[in-house]
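Below: one structure, written as structure tokens.
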Number of protein chains: 2
Amino acid sequence: MASIRDVAKYASVSVATVSRVLNDKGYVGAETRKKVEAAIAELNYRPNEVARSLFKKQSKTIGLILPDIMNPFFPELARAIEDTASKLGYTVILCNSDEDEEKAQRYIDVLLQKYVDGIIISSNTILEKTIRELNIPVVCIDREISKDIPTIVVDNKKGARMATRFLKEKGRRKIAHIRGPIDIVNANERCEGYREVVSGEQWFNESYIVNGNYRMETATEVVLELLRQHPEIDGIFAANDTMAIGAMKAAYQHGLKVPEEISIIGFDGIALGKASIPELTTIEQPLYKLGQTAAKVLIKLIKGQDIEKTFYQFDVQLVERDST
Amino acid sequence: MASIRDVAKYASVSVATVSRVLNDKGYVGAETRKKVEAAIAELNYRPNEVARSLFKKQSKTIGLILPDIMNPFFPELARAIEDTASKLGYTVILCNSDEDEEKAQRYIDVLLQKYVDGIIISSNTILEKTIRELNIPVVCIDREISKDIPTIVVDNKKGARMATRFLKEKGRRKIAHIRGPIDIVNANERCEGYREVVSGEQWFNESYIVNGNYRMETATEVVLELLRQHPEIDGIFAANDTMAIGAMKAAYQHGLKVPEEISIIGFDGIALGKASIPELTTIEQPLYKLGQTAAKVLIKLIKGQDIEKTFYQFDVQLVERDST
DNA sequence: TAATTATCGGTAACCGGTTACAGATAGTTT
DNA sequence: AAACTATCTGTAACCGGTTACCGATAATTA
């Protein structure tokens, strides 16, 4: 590959001049510029990004740390982030942390060594202190760590209220909730939203809230048990779509028809919901928008620009399909 | 961040010595080594990967170019590749090409500028010549471009035969096939496998093969039309799971029960198949294994090691669930 | 004891960009 | 004509690693 010195030699100018036309910086005469451009074209020269990174101490690369790209919730976020970053001239390194703090920490170390300009992370295990010590911009997505770190989320509580109220409006009398992991903020918020709506009801009882872990199989198990213990249940609000599908399976196994005998609503709006039969009613997050915003905000921070706020909360939308 | 010169100064040795203990190369006295290690620990020194890359002309980074990470087929591959690369000390840059050759080419340019050590690509638009000109190792996954480029795929034709025969064994008499895009090799191979099994049947007729594009909605449309024209059809082999789900939806819309009145089998073995109701019978690819192999082979090539073969074809497995 | 070899450590150039600084030329002002 | 300014270009140091090469010391051999 041709280097900047080759180009300089070919155009009979100095490397400084070539660098100037490359970066459109400082004075360059029209004639000289033309010569240099011709040389660049002729030699098919592309500046070496690594050398540039070394001097500039930045790499036009961002790190993306997700729990697991195989979790169907994340691909759309990842796609939006990659699209946006790419449009703005950045490249993204993908990391799967498996919700494991140590693993996340190792990834962070590697990313720092590679001079990434910033990190987008979805994690509930990482500590605020750790992030603050990085000295590069970080934005959190889907999971909130601290009000001081820029965060992109949806209004989980409101969404949960919408979901629960919707089941009531559909005439459901006994509505259960399959919640997400206790250490994940959004799971608690969704549970809280559900509570706000049902806590006044005389039928409500703590055993209507069962623990899930955002995974399908577990949801099927716990819902099966729930239905055995509470045959009166005719509505389920699952804290995510994956568990909602699991709940649908449990309902079928228990001999209940969806939506005739029991209504099920999810949360997230992942593609999976459109693949189930019947298609899943859900509280849809603007996933692409979230990812896009995360990338935009991060890159603004990288460039040292101001951001309007540190907490971006988007609205969710009820998408009625066939499971309610 | 501390540099190697800081460490050298702190340990009262030269930078060369520090580099030697860092890389375990050349002679270093036991005493000296200890001093240096202490200094490294004390200053919390981490070598700058960018500087190293510049000199070594390699970055411990690989590029992964996929059509679209939102396509549920790819996350598992991506995960396997990332896991494996990470274990071997490599980092992966994610790129979504949208099957667009120009976009892929732009990504390749960027990756080259960043000195990636190799590329894993899934594409049918990119040309062999383009790849050969890169001068860095490339391996293809899922899609075959040329016998000369290391490729990781499954035995599509065999899988297709298995699927079709399985439907016959289940007593299905009129079996249709929803094929994938004509410009994708694996779609053609799967179609070929189907053909081999049914072409001898007297009922077989070209109109039993309909064109899909690996997407659900389209599959639903074409299958609906197919069922209208051929009410005798009692079995469908879809070239991928996503279309199989689409076919199931069409069957329901057409008033057919799955699997009682019509059997449907897919191909790929993506997680989606386990989320549908009824769960999808499919020809499962060892996706994780494929990704893992791609990463291993690529890294071997990067290190200049020999690889056993240039064409890795894995076996598929029939996973019987509830749609047949 | 002298010569040879193994071990150890330092100096400086290099990877391929960027940029501070200085020097040269041309045009303008007094 | 002298002084000054605006425009243009080049030299060399720097980013933070790696490594070729050289010199010094200690251990071994003749």
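Heavy atoms only: backbone and side chains are in, while hydrogens, waters and symmetry mates are out. Letters A, B, ... mirror the listed sequences (proteins, then strands); counts begin at 1.
Contacts between residues 14-31 of chain B and DNA chain C, defined by a heavy-atom separation under 4.0 Å, are made by B/Ser14, B/Val15, B/Ala16, B/Thr17, B/Arg20, B/Tyr27, B/Val28, B/Gly29. Listed in residue order, the members of residues 40-53 of chain B having a heavy atom less than 4.0 Å from DNA chain C come to none.
In terms of the side chain to side chain contact (heavy atoms under 4.5 Å, CB included) criterion, residue partners of B/Arg5 (sequence neighbours excluded) are, by chain and number, B/Ser3, B/Val15. Take A/Ser53 and apply the side chain to side chain contact (heavy atoms under 4.5 Å, CB included) test, not counting sequence neighbours, and it matches A/Ser59, B/Val50. Judged as a side chain to side chain contact (heavy atoms under 4.5 Å, CB included), and not counting sequence neighbours, A/Ser12 has no contacts.
Between A/Met1 atom CE and C/dG17 atom C1' there is a gap of 14 Å when expressed in whole angstrom units. Per the geometry, CD belonging to B/Gln58 stands 14 Å off P belonging to C/dG16, to the nearest Å. For the pair B/Leu54 CG and D/dT19 C1', the interatomic distance rounds to 14 Å; values are reported in whole Å. Between A/Gln113 atom CD and D/dG16 atom P the separation is 14 Å, expressed in whole Å. For the pair B/Ile4 CD1 and C/dA12 P, the interatomic distance rounds to 17 Å; values are reported in whole Å. For the pair A/Lys56 NZ and D/dG16 C1', the interatomic distance rounds to 17 Å; values are reported in whole Å. Distance NZ (B/Lys9) to C1' (C/dG10): 15 Å, rounded to an integer number of Å. Per the geometry, CZ belonging to A/Phe55 stands 9 Å off C1' belonging to D/dA13, to the nearest Å.
Between the CD atom in A/Gln292 and the NZ atom in A/Lys296 there is a gap of 4.5 Å [rounded to 0.5 Å].
Within the structure, side chain to side chain donor-acceptor pair (under 3.5 Å) pairs that include any residue of residues 38-52 of chain A comprise A/Asn23-A/Arg52, A/Asn48-B/Tyr115 (at least two apart or interchain). Residue pairs that meet the side chain to side chain donor-acceptor pair (under 3.5 Å) test with at least one member in residues 299-309 of chain A, sequence neighbours left out, are A/Lys300-A/Glu308. Among pairs with a residue in residues 106-118 of chain A, those fulfilling salt bridge (Lys or Arg N to Asp or Glu O under 4.0 Å) read A/Glu102-A/Arg106, at least two apart in sequence or across chains. Applying the side chain to side chain donor-acceptor pair (under 3.5 Å) rule to pairs touching residues 67-76 of chain B yields A/Arg79-B/Asp68, sequence neighbours excluded.
Among the nucleotides C/dG16, D/dG17, C/dG10, the one closest to the side chain of B/Ser3 is D/dG17.
Looking only at atom types and distance, the side chain of A/Asn186 has a donor-acceptor partner in the side chain of A/Tyr214 under 3.5 Å away.
In this model, the phosphate group of C/dT18 is not approached by any side-chain N or O of A/Lys57 to a distance below 4.0 Å at OP1 or OP2.
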